[in-house]
Novice: 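Mind having a look at this structure? Questions to follow.
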Amino acid sequence: MSKPDPILVVSMGELLVEIMREKVDEPLSIPGTFVGPFPSGAPAIFIDTVARLGVDCGFIGSVGEDDFGRLIVKRLKEDGVDTTYIRSLSDYTTGVAFVAYSSDGTRKFIYHISRAASGKISDGQIDFGYLSKVKYLHIMGSSLSMNESWRKACYKAVEIVKESGGKISFDPNLRPELLDVGKIREISEPILSSCEIVLPSGEEARMLTGIEDTDRASQRLLEYGPSIVALKRGKEGSWIYTKKDKLEVPSFPVEEVDPTGAGDCFDAGFIVGILQGRSLEKVARFANAVGALGVTKKGPMEGAPWPEEVEKILNGEWF
Ligand code: ATP
Ligand code: MG
């Protein structure tokens with residue numbers, strides 16, 4: 001029997017389905033129609049994209065023993081994610097997020113997450129043997145925001161990976177609807193100070209540092225510990241900061257169908273690019289391409305691209 005490939009990238013956190021308003025500008029406060037369920041959860045979108053891009057990866061999290069849970073796990077498995085450490089809980093239902101889009105580009109969520117199966121994590125899922133071999137552990141602020149047991153689990157996993165010579169990437173992915181800024185800074189600090197790469201949006205960089213200028217806020221983040229700050233700028237592309245340099249990397253023109261998940265796809269492209277040993281400029285271009293493709297389909301995880309699609313957009317053959 002051949003030896004299984006080592007798991008190079010792991011992420012952990014909330015697994016959920018997203019149920020979204022069919023039309024824009026239909027708030028969640030009135031009766032109306034929804035579409036879904038779509039598999040979702042920021043760390044899940046990240047890991048699914050890593051798998052599609054061809055890197056061996058695994059996920060730690062929990063679903064309920066119901067059809068929503070089966071839908072998520074099936075999707076991740078089919079795309080090649082190792083699901084050994086995803087638990088299915090008979091006493092809890094799978095997490096759900098309802099989302100409404102406005103024509104000004106903003107989104108509003110109602111989360112049924114922290115008290116659902118998504119909010120549960122047990123000590124047995126943070127396995128030393130499993131985590132000690134990974135090259136990158138990707139942590140998301142949304143998972144830290146869920147509850148105390150998830151925070152502890154993330155900190156523990158970070159400790160194991162760091163001790164074993166692996167690296168940490170961190171998407172602050174802040175949800176001010178769930179936690180106030182002071183608490184967000186407090187829970188992010190242990191991850192920010194131990195991560196190699198942080199991948200914020202402009203608003204997140206400003207919120208974490210308290211600096212109003214996005215450029216200065218991003219530079220300040222380097223002082224917190226990471227070697228690389230990858231600032232996500234939506235359809236403007238990304239800016240990449242290191243102690244020596246700042247790269248301004250343009251985006252790819254695509255038709256935006258659903259912006260949710262772009263950041264998670266970008267993160268996946270970035271980590272995969274780093275693991276492939278590309279130059280930072282090429283890593284950012286690759287990540288921009290993966291992020292751009294992420295917005296071209298309805299549903300948070302539906303745009304997660306395959307390598308052929310990324311090649312096409314990088315070569316200017318998309319349109
Ligand atoms: P989310 O939290 O919804 O996942 P985010 O705010 O973390 O998103 P964005 O900046 O929206 O992340 O998107 C990440 C990356 O994806 C951008 O830096 C860019 O490279 C690419 N991208 C996003 N939206 C577009 C778009 N409309 N056109 C082209 N590229 C895009
Ligand atoms: Mg984001």
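One-based numbering, in listed order, for ligands and for the atoms of each.
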Novice: Identify which one of K77, R75, K74 satisfies the salt bridge (charged side-chain N to carboxylate O under 4.0 Å, His left out) criterion when paired with D48.
Specialist: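 Going through the options one by one, the only one that passes is R75.
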Novice: Output yes when the distance from some N or O of ligand 1 to some N or O of D171 is under 3.5 Å, and no in every other case.
Specialist: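 Checking ligand 1 against D171, no N or O pair falls under 3.5 Å apart.
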Novice: In ligand 1, which numbered atoms sit nearer than 4.0 Å to a non-hydrogen atom of V254?
Specialist: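 This gives 28 (N), 29 (C) as the contact atoms.
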Novice: Got an N/O contact under 3.5 Å between G263 and ligand 1?
Specialist: yes
Novice: Give the contacting part of E236 toward ligand 1: side chain, backbone, both or neither, where contact means a heavy-atom distance below 4.0 Å.
Specialist: neither
Novice: Mind checking whether P259 contacts ligand 1 via backbone (N, CA, C, O), side chain (CB onward), both or neither, at a 4.0 Å heavy-atom cut-off?
Specialist: backbone
Novice: Is ligand 1 under 4.0 Å from a heavy atom in the side chain of N288, in the backbone, in both, or in neither?
Specialist: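 For N288, the contact with ligand 1 is made by both the backbone and the side chain.
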Novice: Does ligand 1 come near enough to E256 that some N or O of the ligand is less than 3.5 Å from an N or O of the residue?
Specialist: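 In this structure, E256 places an N or O atom under 3.5 Å from an N or O of ligand 1.
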Novice: Quick check: are there more than 12 heavy atoms from other residues, nucleotides or ligands sitting under 6.0 Å from CG of D25?
Specialist: yes
Novice: Tell me whether the count of non-hydrogen atoms from other residues, nucleotides or ligands lying under 6.0 Å of NZ in K246 goes above 12.
Specialist: yes
Novice: For A51 and V81, which heavy atoms make the closest approach, and how far apart are they?
Specialist: CB-CG2, 3.6 Å
Novice: Taking side chain to side chain contact (heavy atoms under 4.5 Å, CB included) as the criterion, tell me which of I86, V9, T83 meets it with F59.
Specialist: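 When side chain to side chain contact (heavy atoms under 4.5 Å, CB included) is applied between F59 and each of I86, V9, T83, only I86 qualifies.
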Novice: Against heavy atoms of G261, which atoms of ligand 1 measure under 4.0 Å?
Specialist: 3 (O), 4 (O)
Novice: Any atom of ligand 1 sitting under 4.0 Å from a heavy atom of R107?
Specialist: yes
Novice: Picking from V17, I45, V96, what satisfies side chain to side chain contact (heavy atoms under 4.5 Å, CB included) with S40?
Specialist: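 Testing each of V17, I45, V96 against S40, the sole residue satisfying side chain to side chain contact (heavy atoms under 4.5 Å, CB included) is I45.
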Novice: Given A287, S201, G291, identify the one with the heavy atom nearest to atom 21 (C) of ligand 1.
Specialist: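 Nearest option to atom 21 (C) of ligand 1, by heavy atoms: G291.
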Novice: So which of V249, I274, V310 actually passes side chain to side chain contact (heavy atoms under 4.5 Å, CB included) with F286?
Specialist: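 The option that passes is V310.
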Novice: Enumerate the atoms of ligand 1 whose separation from the nearest heavy atom of R233 is less than 4.0 angstrom.
Specialist: 10 (O), 18 (O)
Novice: Decide whether an N or O pair under 3.5 Å exists between G234 and ligand 1.
Specialist: yes
Novice: Would G237 count as being in polar contact with ligand 1, using the rule that some N or O on each side must be under 3.5 angstrom apart?
Specialist: yes
Novice: My understanding is that we take every heavy atom of each candidate and find the minimum distance to atom 30 (N) of ligand 1. Doing that for A292, G303, G105, which one comes out nearest?
Specialist: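 When every heavy atom of A292, G303, G105 is considered, A292 comes closest to atom 30 (N) of ligand 1.
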Novice: Which atoms of ligand 1 are found less than 4.0 Å from any heavy atom of V295?
Specialist: 24 (N)
Novice: Do D258 and K298 sit within salt-bridge range, that is, some charged N less than 4.0 Å from a carboxylate O?
Specialist: no
Novice: Check whether any side-chain N or O of K162 sits under 3.5 Å from a backbone N or O of S194 as a donor-acceptor pair, and report yes or no.
Specialist: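 Present.
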Novice: Evaluate S238 for polar contact with ligand 1, using N/O atom pairs at a separation under 3.5 Å.
Specialist: no
Novice: Which bit of R285 gets closer than 4.0 Å to ligand 1, counting heavy atoms only: side chain, backbone, both or neither?
Specialist: neither
Novice: Give a yes or no answer on whether the side chain of T94 reaches the backbone of G64 with a donor-acceptor pair at less than 3.5 Å.
Specialist: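 Between the backbone of G64 and the side chain of T94 there is a qualifying donor-acceptor contact (under 3.5 Å).
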Novice: Would Y101 and T260 count as having a side-chain donor-acceptor pair, cut-off 3.5 Å?
Specialist: yes
